[in-house]
Amino acid sequence: IFFTFPDVSIPAGGYLIVAADAAKITDYYGRDNVVGNFTGELEENNHRITLVDNSEPPVVIDTVRYRAAPPWPLAPDQDGRSSAGRMPYA
């Protein structure tokens, strides 16, 4: 996916939802921690998610490999749910 984060802070213990349609998620779930809209989609196998800053050249902040397999949850696969990677001690 491709997404540029707005000027937003995530509080300690908090999280941010990055959605394809932020308004739809905000309206439906009543959440205020939603940003979007991203473009593209995650493939089922071996997709890399890389978070970079906006410097030139970009500096990699974090990278995770997404797969529709453990340790990622299997339930979201093809039924419209979301999947989340967590860093509880970050």
Side-chain angles (χ1 to χ4, degrees):
I1 66 173
F2 296 95
F3 181 72
T4 300
F5 285 88
D7 186 14
V8 63
S9 295
I10 304 170
Y15 63 94
L16 191 63
I17 300 167
V18 179
D21 188 335
K24 185 175 182 180
I25 297 300
T26 299
D27 290 344
Y28 187 81
Y29 293 103
R31 307 299 308 198
D32 63 356
N33 59 340
V34 182
V35 295
N37 300 333
F38 69 75
T39 59
E41 61 184 46
L42 293 173
E43 306 273 330
E44 281 193 22
N45 281 321
N46 237 6
H47 204 89
R48 184 180 300 269
I49 301 169
T50 303
L51 179 64
V52 298
D53 70 6
N54 64 352
S55 64
E56 285 297 327
V59 174
V60 173
I61 305 300
D62 193 21
T63 298
V64 295
R65 189 171 300 279
Y66 168 84
R67 296 186 61 181
W72 289 84
L74 298 178
D77 194 27
Q78 299 180 356
D79 72 355
R81 297 183 196 180
S82 64
S83 197
R86 300 166 87 185
M87 294 176 57
Y89 304 108

Val52 with Phe3, same ILVMFWY side-chain cluster at under 4.5 Å: no
Option from Val60, Asp62, Ile61 for which side chain to side chain contact (heavy atoms under 4.5 Å, CB included) with Thr50 holds: Val60
Check: Val59 main-chain N/O paired with Asp53 side-chain donor or acceptor under 3.5 Å: yes
Contact summary for Thr26 and Arg31, nearest pair of heavy atoms: CG2-O, 3.2 Å
Selection residues 16-25 - residue pairs positive for side-chain hydrogen bond (donor to acceptor under 3.5 Å, both in side chains), sequence neighbours left out: none
ILVMFWY clustering at 4.5 Å (side-chain atoms), partners of Val34: Tyr15, Ile17, Ile25, Tyr28, Tyr29
Expected output: side-chain Asn37 to main-chain Ala22 donor-acceptor under 3.5 Å: yes
